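Right, one structure below, let's go through it.
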Amino acid sequence: MMADSFHPNVIATDVPTGEIEIDRIGSTRSNPPRALPWHVRFGLSWSTGAVPVVLILLLGVALGPEGLAIITPGVLGVLDPVIPVTVAALGILAGLEFMRPAAPDRWPLLRNASIESLLTGVLVALGVWLIMPASADFEASRVWLIAVMTGVCASMSATLPDADPDRLRPPAIRMRDFDGLLPSIAGAMVLAFLHSYSPVASLGLTVQAAILALLISATAWLLLADSIPSTEQRVFSIAALLLVGGIADYLSLSALVGGLLAGLFWGYVGGAARDCIERDMRYLRHPLVVLMLLTAGARTTFSTWILILAVAYVLLRVAGKLLGAWLTRQAPGVAIPETVAATLLPPGIFGIAFALDVSSMMDGSAAAILSAAVLGSIGSQLVAALWRPAETSE
Amino acid sequence: MKQAVALLLAVVVVLWVRAIGGPVASGTAGAALAIGFTLLGAWIFGDLLRRFRLPRLSGYILFGVLIGPSVGDVITETMAVQLHFVTGIATTLIALIAGLTLNLDRLSQQFRAIARLTAITLVVAMAGVGLVMWIAWPWLSIAPNAGGLERLAIVTLLVVITISFSPTMTAAVTTETGARGRLSETVLTVVVLADLVILVLFSLAMLFARVAVGATTSDGVSLLARFTWEIGGAVAFGVFVGAMFALYLRYVGREVALVVIAVCALLSQVGSTQQFEPLLAAVAAGLVIENLSLAQGDALKTAVQGTALPVLVIFFVAVGTSLRLDVLVESGIIVIALSAVRLFFIRLGVAVGVRSSGLDPSIGSYIWTGLVSQAGITLGFAALVASEFAEWGPRIQALLVAFIAIHELLGPLLFRYGLFRSGDLNAPPRSPLVVVSNREPYLHRQDERGRIVAAPATGGVAVALDALMRERNGVWVAHGAGPADRAVVDKFDRVLVPPESPSYELRRLWLEEPTFSAYYNGFANEGLWPLCHLVDVRPQFRTEDWAAYRDINRRFAMAVSEEVGTSNTPVFIQDYHLALVAPALRTRLPHARTALFWHIPWPYPDRFRICPWAPEILSGLLANDLLAFQLERDRRNFLLAVEEELDVEVEHELSRVRYGDRSTTVVSVPIGVDYDRIQAIAAEPSLAQEQARLAKLFKLSAEIIGIGVDRLDYTKGIPERLDALDALLSRRPALRGKLTFVQIGVPSRSEIESYAAIEAEIGKRISAINARHRVPGGAPAVHYHTKPLTITSLVALYRLADFCIVSSLHDGMNLVAKEFVSARDDDDGVLVLSRLAGAAQELREAVIINPYDVDGFADALLQAIDMPLDERRARMRAMRRIVAGRNVFGWASDILEGLESLWTKPLHYSVRRWEDMPV
């Protein structure tokens with residue numbers, strides 16, 4: 001009684017997505033494994049490090065044009081400029097996370113993450129391509145695109161980074177955080193290709209966009225490297241974010257990768273610029289992600305083919321992730337625990353972010369990709385929640 | 001220079017993007033780019049202008065003009081339109097902020113006089129300006145063909161907007177100049193009140209204009225109904241939204257920034273669709289939040305501060321980009337003339353108003369200087385007019401933007417002049433302070449050559465308060481305990497300190513024996529100290545000690561009352577030794593302003609009830625205006641004790657206790673260390689020499705060094721620490737001879753039996769451990785040092801250590817933990833911290849231990865020793881961020897500003913926090 005009243009905050013009252021809990025259990029070696037709370041498993045926790053993905057997606061679906069139509073197409077149009085900015089913010093956070101100093105085993109973990117995401121992506125893409133013939137819903141020439149993009153979305157499990165940037169996280173969770181890097185870059189290349197259907201031109205465009213993102217990163221670094229008031233820091237951080245997202249939006253390229261490049265740059269240069277950007281992205285991420293998920297939910301459309309796509313998405317994704325988890329455990333270099341599958345199965349939010357990225361640049365078929373990603377994410381979360389929840393410790 | 005390069009890079013990026021992306025055909029694809037660029041560029045440009053003592057806002061607008069389609073064309077016409085994405089939200093946000101600055105408590109104090117002044121000023125100024133505009137109509141080039149009713153409507157609208165003011169610009173000038181006095185307060189009140197009236201008048205004028213231009217066809221009754229709906233509906237809707245928002249903040253409190261934007265969008269959209277006046281609704285919402293739920297208002301302000309500024313900057317740039325320069329050039333002379341007319345009639349109105357309201361003419365002559373500035377609300381009005389009346393609205397907007405630019409330049413200069421002339425600028429920026437503590441900041445003693453020298457106190461709190469006193473001046477009242485203290489004081493027992501640059505007075509109190517011992521050793525340290533610390537030492541309460549405690553506290557109060565006199569100088573009392581100073585002071589100075597910081601823990605009510613004089617202590621503490629504790633838990637325990645012992649009602653929402661005819665605000669403000677000073681010491685090149693000296697002195701040859709720094713006190717858990725070290729060395733014998741733990745233990749209160757006992761026990765245990773774990777030729781297990789170290793030596797030692805142990809059995813905060821973290825700018829070292837120390841509430845990345853669990857404690861020491869470098873660094877970085885963000889100066893200013901805000905908050909406090917926002 002006395003001890004509890006002394007230190008109410010030592011035990012996390014704010015468990016984001018399960019990883020904190022896993023981390024804490026992992027750090028106290030003598031504790032037995034224990035199940036995550038049900039609301040965490042079902043993606044319903046709401047905290048500084050997480051948003052209830054499923055809940056907000058469903059809310060978006062309910063309020064969207066296909067539901068109660070409270071979020072009308074007009075409102076969605078108003079929200080349009082926010083989406084690339086949100087996606088860019090996620091990319092920045094991912095880049096910073098990857099470049100975190102004093103983070104051991106970065107490259108082996110990236111290799112493992114890439115293996116499992118590639119496997120999942122290819123499996124989902126192939127599956128979608130095989131089961132989805134050209135129909136009235138989808139032009140034949142677009143089927144391959146839908147398959148590839150759906151595969152990219154499904155391959156990611158990364159979610160919001162930890163609420164505490166300095167907390168050390170177990171390898172499995174860090175691997176999950178990295179599994180969006182390769183697919184998002186691959187997806188971005190495909191998006192660039194769609195501009196001209198010319199490899200050379202698309203490569204040129206991608207390189208230019210990368211240089212532009214790095215120029216903005218350098219601009220923000222120049223401004224933030226010195227000690228300046230926090231109000232000013234926040235203005236510059238937000239402006240940099242808007243510019244990174246805005247460039248991608250203007251050029252119809254991936255904001256996720258633009259953000260990722262910027263995040264890698266700031267992570268690399270480090271110092272005050274990195275700290276400011278990281279602090280402000282963390283400050284903004286929650287409202288932005290809520291908006292993003294609401295928008296994604298509201299943009300979801302339903303048809304027989306989309307439901308088939310979503311079911312295939314879930315099943316193939318689960319298969320891919322399980323296989324990927326097994327493979328990464330066999331890979332040398334870093335010890336991955338047996339329970340890594342439980343970490344990789346939840347869909348995270350990067351898949352949806354990329355789907356929105358795609359939807360803002362493509363017409364028609366993009367709706368199918370986004371809808372499949374949204375419904376597939378909800379389904380994947382359900383599967384993850386039921387997946388041996390008692391074995392989440394490391 | 002860097003900013004200029006950054007701006008240039010941003011321009012290059014935007015032009016490059018436009019070159020490879022082509023023009024934006026439709027949609028919102030350029031919105032984020034345009035907004036990001038304008039935000040970055042405008043801020044840099046505004047900052048540039050500020051260096052020339054020009055307002056930032058002018059920089060934002062000017063930047064908009066320069067990059068806009070009519071000049072630089074960096075932002076194209078399509079992109080400029082997309083900037084207006086934020087306009088609706090921004091105008092509502094501005095109005096919401098204006099509402100949040102309206103505190104009715106404050107306004108009610110001088111309401112009658114100021115209301116009269118405001119009303120007369122508005123009537124005179126509007127009538128005068130209106131008449132001039134009517135006559136000058138042909139030259140205004142707004143709607144030359146308008147006649148009769150339409151012309152009257154446009155003039156009315158123009159007059160209302162022309163006269164509007166800027167509360168935050170006015171507040172910003174007073175804050176920037178440090179002005180304090182009747183003029184600044186009166187002007188702020190007038191401006192806020194006038195803008196509220198103007199909001200209503202604007203609604204009326206808009207309605208009139210709609211009728212006049214034929215935008216609506218209604219009879220008189222329906223017009224009245226519509227006006228009632230527009231105003232009443234707006235107020236009702238705003239009140240409803242404000243109340244809902246307050247409830248949301250109270251019960252949900254998440255995503256406040258997002259919800260603020262959503263609320264502004266809601267007020268803006270619903271206002272437009274339901275024909276409410278959105279700005280009035282937003283003001284009403286802000287007013288409700290500010291006045292009906294104070295705590296929620298503060299939470300909202302904090303959230304809005306983080307998000308509003310970028311929105312407002314973009315809004316001003318958007319205004320700049322939409323500026324039609326041709327109209328501006330055409331109307332340049334007219335604008336200057338109109339500005340002069342406005343100034344003349346405002347001055348005339350104020351002169352008449354001051355005479356009629358009975359306000360002091362010495363300040364009345366300068367009130368008009370504070371009514372010149374215009375900014376956000378005026379721009380918001382102009383934007384609404386431009387969007388609703390396409391035919392002549394944009395011309396009004398252009399005229400007003402030029403108008404605002406002039407007033408932005410002139411307003412601050414004139415107000416500064418007024419403040420100077422009225423004497424507000426000559427007032428001291430801050431009133432002096434009286435600090436009261438048992439221990440004095442400087443002790444005088446004779447050195448070996450017989451010279452009297454002043455030795456400064458080394459504790460973090462004393463150092464911080466000393467720095468605060470150097471800045472604010474005033475008097476520090478303390479017990480004169482130095483051997484040569486009497487030799488240096490004047491006949492009033494005062495001495496100027498610090499010796500090298502005297503800036504405040506130290507008033508010494510001479511406390512004789514045996515009263516001093518009964519007060520200090522007896523009631524304070526044998527009674528209250530063990531009472532408040534949950535350790536196995538029984539508190540001793542003796543009637544004679546209590547009598548001495550009361551007597552000494554009364555004597556402190558007398559000294560304080562002599563120093564404060566009739567002034568309203570705030571009094572900052574330190575710690576549990578002086579719990580009864582405030583009530584004794586109030587018998588002499590009923591209106592004294594006092595704050596007390598209770599440095600040690602506050603026990604739960606059942607424990608506190610042990611004290612025979614618990615009600616007296618509680619009621620004594622409640623004689624303070626502000627009472628501050630280290631932790632939230634202490635604050636809660638105190639409030640519970642008050643409820644149970646005194647049976648008084650606690651306003652939990654406001655954390656305020658009403659007791660007798662007065663109220664006390666109770667807060668928790670965790671103390672920090674002087675982080676910057678420790679950083680500076682850590683960076684000194686001579687530190688390496690000091691480390692070498694200490695290593696030699698303490699014979700530190702071991703591979704692993706641990707450290708503990710404590711006053712020898714039974715609450716510090718030193719025996720438990722030694723037991724854990726013993727267990728560690730028994731469990732891993734390989735560490736014997738390779739690990740040395742340096743225990744700095746400075747004896748204190750040795751006259752008290754319990755302290756003498758703990759000193760003896762520690763000595764014995766250390767000898768036993770060293771004997772048990774001795775290795776021939778190896779380092780001793782524990783090195784014990786009982787002399788105090790200077791801060792430089794401590795920093796050197798902290799940086800030598802691989803780990804530091806703080807194992808308090810109960811501690812208010814424990815600054816050693818924070819000092820250790822502050823000293824480790826190499827990001828290395830492990831802090832092993834008791835979960836029963838207050839610091840553990842903040843430093844969660846320490847290795848947390850329970851000192852009562854010896855095995856667990858030993859496990860934690862092993863974890864600290866084996867911890868990989870990466871983990872050590874990550875943990876230390878996290879802790880350093882926390883310690884740096886909460887230094888001891890922040891602690892002191894939080895308490896003192898909290899104390900001052902109890903009197904000044906209603907207007908000054910609430911407006912002051914918006915000073916960066918050009919509203």
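All heavy atoms count here, side chains included; hydrogens, waters and symmetry mates do not. Everything numeric here is computed off the predicted structure, so don't read it as measured data.
- Between A/Asp275 and B/Arg877, the closest side-chain pair of non-hydrogen atoms falls below 4.5 Å.
- A heavy-atom distance below 4.5 Å is not found between the side chains of A/Asp249 and B/Leu33.
- Pairing each heavy atom of A/Leu242 with each of B/Gly36, the nearest pair is CB-CA, 3.4 Å.
- Rounding to the nearest 0.5 Å places OG1 of A/Thr219 at 9.5 Å from CG of B/Leu7.
- The minimum heavy-atom distance between A/Leu243 and B/Phe37, with the atom names listed, is CD2-N, 3.6 Å.
- Shown here for B/Ala6 and A/Leu222, the closest heavy-atom pair between the two residues is N-CD1, 4.2 Å.
- Residues meeting the side chain to side chain donor-acceptor pair (under 3.5 Å) test with A/Thr206, sequence neighbours left out: none.
- The contact between A/Leu251 and chain B is made entirely by side chain atoms (from C-beta outward), counting heavy-atom distances below 4.5 Å.
- Only the side chain of A/Ile211 comes within contact range of chain B, with at least one heavy atom under 4.5 Å from a heavy atom of that chain.
- Between chain A and the residues B/Asn637, B/Thr38, B/Leu39, the largest count of heavy-atom pairs under 4.5 Å involves B/Leu39.
- Residues passing the side-chain contact (heavy atoms from CB on, under 4.5 Å) test with A/Ala298, sequence neighbours excluded: A/Pro65, A/Ile71, A/Leu76.
- Here the closest heavy-atom approach between residue A/Pro81 and residue B/Ala32 is recorded as O-CB, 4.1 Å.
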